[in-house]
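Structure, as structure tokens:
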Amino acid sequence: QVQLVESGGGLVQAGGSLRLSCVASGRTFSSYVMGWFRQAPGKEREFVAAINWISGATFYADSVKGRFTLSRDNAKNTLYLQMNNLRPEDTAVYYCAAASRPDARVRLMSPLSYDYWGQGTQVTVSS
């Protein structure tokens, strides 16, 4: 099992920055992919970014490319999402997720590929 705990959300003005953290515990070595999704009220859960845990390759939704950056601290079992130049449309609950199946590496944009989820952290961007 993998347990995920997100933190770092909050209220910021447009153009500001936040850094989200996701601390993983348990069988982290079994995770092939870890990523971030977000969900705004009335909308489906949306892919934001993901990392191949073995290779370190990162992937980003078009809507966040150039603004969001994934990084990790293996010693702390922590995944970070640095969010810069935030926009009101970034407002959502952000979820950390992990996938234990290897085929998630080629289907990492789908939330159905992930089997572990954090509780979510609210990000609100005011205009």
Side-chain angles (χ1 to χ4, degrees):
Q1 284 188 305
V2 176
Q3 293 81 45
L4 307 173
V5 179
E6 305 106 325
S7 63
L11 173 63
V12 297
Q13 292 185 335
S17 298
L18 285 172
R19 188 177 72 162
L20 305 184
S21 299
C22 175
V23 180
S25 61
R27 297 176 61 196
T28 57
F29 53 84
S30 68
S31 296
Y32 288 88
V33 181
M34 292 189 66
W36 291 91
F37 289 77
R38 64 189 183 187
Q39 189 165 24
K43 299 181 66 176
E44 294 185 343
R45 192 160 296 187
E46 175 188 21
F47 171 77
V48 176
I51 182 169
N52 182 312
W53 203 255
I54 304 302
S55 71
T58 54
F59 309 86
Y60 300 92
D62 289 341
S63 59
V64 306
K65 285 180 180 177
R67 301 189 298 121
F68 292 10
T69 304
L70 282 174
S71 62
R72 60 180 175 178
D73 186 332
N74 289 335
K76 298 181 178 180
N77 292 320
T78 301
L79 177 69
Y80 301 99
L81 182 67
Q82 179 67 45
M83 306 186 297
N84 297 326
N85 193 23
L86 284 162
R87 304 165 180 169
E89 53 263 40
D90 294 318
T91 296
V93 177
Y94 283 70
Y95 297 92
C96 181
S100 62
R101 299 181 297 275
D103 58 347
R105 294 173 292 179
V106 296
R107 303 184 186 277
L108 47 75
M109 292 185 180
S110 172
L112 299 178
S113 296
Y114 298 79
D115 41 12
Y116 300 102
W117 295 86
Q119 82 287 352
T121 185
Q122 176 70 48
V123 172
T124 303
V125 184
S126 62
S127 60

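There is a side-chain donor-acceptor pair under 3.5 Å between Asp115 and Ser100.
One N or O on the side chain of Thr91 and one on the backbone of Pro88 form a donor-acceptor pair closer than 3.5 Å.
Once rounded to the nearest 0.5 Å, the distance linking OG of Ser7 with CG of Leu20 reads 8.0 Å. Atom OG of Ser21 sits about 9.0 Å away from atom NZ of Lys76, to the nearest 0.5 Å. Note: Asn77 CG to Ser25 OG = 8.0 Å, rounded to the nearest 0.5 Å. For the atom pair CD of Glu6 and SG of Cys22, the computed distance is 5.5 Å after rounding to the nearest 0.5 Å. Between Arg67 atom CZ and Asn84 atom CG the span is 9.0 Å, to the nearest 0.5 Å.
Proximity of Gln3 to Tyr116: side-chain heavy atoms (C-beta onward) are nowhere separated by under 4.5 Å. Looking only at side-chain heavy atoms (C-beta outward), Met34 and Cys96 come within less than 4.5 Å of each other. By the 4.5 Å heavy-atom criterion applied to side chains, Trp36 and Leu70 are counted as neighbours. With a 4.5 Å cut-off on side-chain heavy atoms, Tyr80 and Thr69 do not count as touching. In this structure the side chain of Arg105 never reaches within 4.5 angstrom of the side chain of Ile54, judged on heavy atoms. Ile51 has its side chain out of reach of Val33: every pair of non-hydrogen atoms, C-beta onward, lies at least 4.5 Å apart. The side-chain heavy atoms of Leu81 and Arg19, taken from C-beta on, include no pair separated by under 4.5 Å.
Between Phe68 and Tyr94, the ring-plane angle classifies as tilted under the 30° and 60° cut-offs.
Taking the centre and axis of the six-membered ring of Trp117, the NZ or CZ atom of Arg45 falls inside the cone set by 45° and 6.0 Å. Cation-pi geometry between Arg101 and Tyr32 is not satisfied (NZ or CZ under 6.0 Å from the ring centre, within 45° of the ring normal).
Exactly one residue among Glu46, Glu44, Glu89 makes a salt bridge (charged side-chain N to carboxylate O under 4.0 Å, His left out) with Arg38. That residue is Glu46. Each of Asp90, Val48, Val123 was evaluated against Met83; a single residue qualifies, Val123, per the side chain to side chain contact (heavy atoms under 4.5 Å, CB included) test.
Gln119 and Val5 make their closest contact through OE1-CA, 3.7 Å (heavy atoms, listed as atom of the first residue, atom of the second, distance). Between Val2 and Ser31, the shortest heavy-atom distance links the atoms CG2-OG, 3.7 Å. Residues Thr121 and Gly8 approach most closely at OG1-N, 4.2 Å, considering heavy atoms. Nearest heavy-atom pair, Ser113 versus Ala99, reported as atom, atom and distance to 0.1 Å: O-CB, 3.2 Å. Nearest approach of Arg72 to Asn52, heavy atoms of both residues: NH1-O, 4.2 Å. The two atoms that bring Tyr114 and Gly35 nearest to each other are CE2-N, 4.1 Å, heavy atoms only.
In summary, the aromatic rings of Phe47 and Phe59 are positioned with their centroids too far apart to meet the 6.0 Å limit.
Taken together through direct or relayed side-chain contacts under 4.5 Å among Ile, Leu, Val, Met, Phe, Trp and Tyr, Tyr60 and Val125 form part of one hydrophobic cluster.
Electrostatic pairing of Asp62 and Lys65 counts as a salt bridge here, judged by a charged N lying under 4.0 Å from a carboxylate O.
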